[in-house]
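Throughout, residue positions are numbered sequentially from 1 according to the sequence presented. When a ligand or atom number is given, it counts from 1 through the structure's own listing order.
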Amino acid sequence: MLLAGSPVRVYVEANCVQSYFHEVKTFGRHCLLVTGKNSARRSGALSEVCHSMLEQDIIYSEWDSITPNPTVEECSTAGDFARKNGADMILGIGGGSAMDAAKAIAVFAANPELDEASFYAKDWKREPLPIVLVGTTAGTGSEVTKVSVLTDSTGRKHSIKDDKLLPVIAFGDARYTESMPREVRLSTGLDTLMHCLESYFNKLATEASQKESIIGISMAAPLLMRFVKGESLNLEQQERLYEASLHGGLSIYTASTCFPHKLGYWLTETFGIPHGFACAEFMDRLLAHAREAVPESCHRLEEETGVPFEMLNDLCRRALPQHNHRVFPQEMEKILPRWENDSSLLNTVGVVTMRDVERFMSRYEWND
Ligand code: NAP
Ligand code: FE
């Protein structure tokens, strides 16, 4: 089944790789497979994709070492590898990290002269190679977004957004998400909820994007609550979580994320907190801010999803791992200017001042 309302051709059903892979060969004959170290294999996706490649007479080579929060440098090196192997398309299998890396590798493979600055400046002389994605987490929605989030040479995460980063086709088979460890399930599930909430409380939101947010939250929140309380999820429930992640992706496609994602990047860079958890650390702040700035909109969201904010906060309390990461106030002072005039702060509903950001971040200050 094709996902309705998606700008990308995304199949969402069990065994969709086997059923529709013949469409891939219209985009290329020499493929570079891009994966992380383990999940593509462990999820079962890799062997099914390789089998379909053989069936369709597509030649492939493999790049299997993408790290979580991938760097521009590794994508550039993998781009060289793709070129040397004569790849004419890139297929990423994994969570957001491998999928986002695949998008960037498609750019580097076609543009050998590109350095980090010209990559971010989108000074791309040639079109990226066609991108095919196979998701293994129920979280980022990267399958349907034109975004790639990479870590630069100074260790900072930046998202780059361009229509050319949209995959030509994506496969969403929730069976591949069954192998996710509990921590990955929770972190990626919270990422989905953050996409829905941050795009909903966003000045760029439209009626259509808010509808996607509402669908995503009503599908994901009750299931994540059951999961965090210790229930295991059957395949049908995992399919719903996966679908919710795509609705989250569609919601940010138009409306984008707001301040929690930007502040969350810093937590990941500084303390290595997984992406979904890092963003969800600011969920309570976002909900409290929205309650003040747009009370009517909050009311509508709670009504239409059947999910009260208290339940979302409770979910975070139960799901977020405890940690004692702190920085000294002098360090915090140095960090704050990075968010000045940041578009994701400006795009948040109401007004988010630098004083607010200081308040949001104050829980990470070392106050002995
Ligand atoms: P991830 O970083 O892709 O994966 C996290 C860990 O889970 C990795 O160790 C991975 O293993 C493992 N894993 C993934 N799927 C698994 C499975 N089915 N079974 C067992 N283990 C599995 O996590 P993610 O949360 O999906 O992606 C996060 C990245 O996406 C961040 O860089 C974030 O900034 C970005 N992001 C992108 C968008 C977008 O629109 N493009 C949106 C939000 C976030 P392997 O290393 O072996 O693969
Ligand atoms: Fe995210």
Side-chain angles (χ1 to χ4, degrees), residues 7-8 33-46 63-72 74-75 92-104 131 133-152 156-162 165-167 170 172-199 216 238 241-242 245-246 248-258 260-269 272-280 282-283 344:
V8 176
L33 266 176
V34 174
T35 71
K37 292 193 176 79
N38 302 301
S39 64
R41 195 161 283 113
R42 201 178 314 152
S43 64
L46 183 66
W63 185 273
D64 61 0
S65 58
I66 295 299
T67 54
N69 311 298
T71 62
V72 176
E74 67 184 293
C75 294
I93 307 176
S97 295
M99 290 193 284
D100 284 5
K103 293 176 180 178
I131 301 156
L133 298 178
V134 180
T136 66
T137 60
T140 66
S142 181
E143 297 90 328
V144 297
T145 70
K146 49 185 165 184
V147 174
S148 171
V149 186
L150 299 183
T151 306
D152 73 12
R156 271 181 74 164
K157 288 183 67 149
H158 302 275
S159 64
I160 180 161
K161 204 172 187 180
D162 197 285
L165 297 176
L166 279 173
D173 185 339
R175 291 181 306 129
Y176 303 148
T177 68
E178 281 190 287
S179 55
M180 275 193 287
R182 177 184 164 81
E183 229 218 354
V184 176
R185 162 82 61 205
L186 285 175
S187 177
T188 55
L190 287 176
D191 191 24
T192 291
L193 288 180
M194 292 312 291
H195 293 163
C196 295
L197 290 167
E198 292 178 48
S199 55
Q238 296 186 38
L241 275 182
Y242 182 75
S245 77
L246 298 179
L250 292 178
S251 77
I252 57 172
Y253 181 87
T254 320
S256 191
T257 52
C258 60
H261 259 63
K262 272 296 165 70
L263 303 188
Y265 286 175
W266 177 80
L267 287 184
T268 301
E269 293 162 17
I273 298 176
H275 172 71
F277 286 146
C279 301
F282 299 98
M283 186 195 282
S344 63

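When only interatomic distances are considered, the shortest N/O to N/O separation between Y265 and ligand 1 does not fall below 3.5 Å. Annotation: S179 places an N or O atom under 3.5 Å from an N or O atom of ligand 1; distance criterion only. At least one N or O atom of T136 sits closer than 3.5 Å to an N or O atom of ligand 1. Residue-to-ligand polar distances place S142 within reach of ligand 1: an N/O pair is separated by less than 3.5 Å. Checking only distances, A40 never comes within under 3.5 Å of ligand 1, N or O to N or O. Ligand 1 has a nitrogen or oxygen under 3.5 angstrom from a nitrogen or oxygen of N38. Geometrically, ligand 1 and S97 share a nitrogen or oxygen pair separated by less than 3.5 Å.
With sequence neighbours excluded, no residue satisfies salt bridge (Lys or Arg N to Asp or Glu O under 4.0 Å) with D100. Remark: A40 pairs with T35, L46, I93 by the side chain to side chain contact (heavy atoms under 4.5 Å, CB included) rule, at least two apart or across chains.
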Are R175 and E178 close enough, and set up right, to give a side-chain contact (heavy atoms from CB on, under 4.5 Å), and what steps lead you there?
-> CA-CA 5 Å; R175 291 181 306 129; E178 281 190 287; 4.2 Å; yes

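Here the closest heavy-atom approach between residue F277 and residue S187 is recorded as N-OG, 3.2 Å. Of all the heavy atoms in M194 and P260, the pair that sits closest is CE-CB, 3.6 Å. The two residues E198 and C279 come nearest to each other via the heavy atoms OE2-CB, 4.4 Å. Considering all non-hydrogen atoms of both residues, I66 and S97 come closest at CG2-O, 3.8 Å. Nearest heavy atom pair, residue Y253 against residue V144, reads CD1-O, 3.4 Å.
Every atom of ligand 1 is numbered from 1 in the order shown, and the set under 4.0 Å from a heavy atom of T137 is 14 (C), 15 (N), 26 (O). Heavy-atom proximity to G95, at under 4.0 Å, picks out these atoms of ligand 1: 3 (O), 26 (O). For ligand 1, the atoms sitting less than 4.0 Å from at least one non-hydrogen atom of P181 are 20 (C), 21 (N), numbered in the order shown with element in parentheses. Of all the atoms in ligand 1, the ones that sit under 4.0 Å from a non-hydrogen atom of D191 are 43 (C), 44 (C). Contact atoms of ligand 1 toward N69: 31 (C), 32 (O) (distance under 4.0 Å to a heavy atom of the residue).
Regarding atom 6 (C) of ligand 1, its nearest protein heavy-atom neighbour is V184 CG2, 4.1 Å. Among protein heavy atoms, atom 9 (O) of ligand 1 sits closest to P68 CG, 4.2 Å. At the shortest separation from atom 16 (C) of ligand 1 among protein heavy atoms lies S39 CB, 3.3 Å. Regarding atom 44 (C) of ligand 1, its nearest protein heavy-atom neighbour is H275 NE2, 3.1 Å. Atom 34 (O) of ligand 1 has as its closest protein heavy atom K157 NZ, 2.9 Å. Of all protein heavy atoms, the one closest to atom 24 (P) of ligand 1 is G96 N, 3.5 Å. Among protein heavy atoms, the minimum distance from atom 40 (O) of ligand 1 is reached at T145 OG1, 2.7 Å. The nearest protein atom to atom 25 (O) of ligand 1, hydrogens excluded, is given as T188 CG2, 3.3 Å; this is a heavy-atom distance.
Looking at V147 against ligand 1, both its backbone and its side chain come within 4.0 Å, counting heavy atoms.
The shell of residues lying under 4.0 angstrom from ligand 1, judged by heavy atoms, includes H195.
With hydrogens and angles ignored, the 3.5 Å screen pairs a side-chain donor or acceptor of K103 with a backbone N or O of S142. Counting only distance, with no hydrogens or angles, the side chain of T192 and the backbone of G139 share a donor-acceptor pair below 3.5 Å.
Angle NE2(H261) to the Fe ion (ligand 2) to NE2(H275), rounded to 10°: 90°.
The aromatic rings of H275 and H261 lie perpendicular to each other, with more than 60° between the two planes, well past the 30° mark.
A donor and an acceptor atom, one from each side chain of T188 and T137, are nowhere located under 3.5 Å apart.
Take the N/O/S atoms of D191: the one nearest the Fe ion (ligand 2) is OD1.
At least one protein heavy atom sits closer than 4.0 Å to atom 14 (C) of ligand 1. For atom 4 (O) of ligand 1, no protein heavy-atom neighbour is present inside the 4.0 Å cut-off.
In summary, no N, O or S atom of C279 is located under 2.8 Å from the Fe ion (ligand 2).
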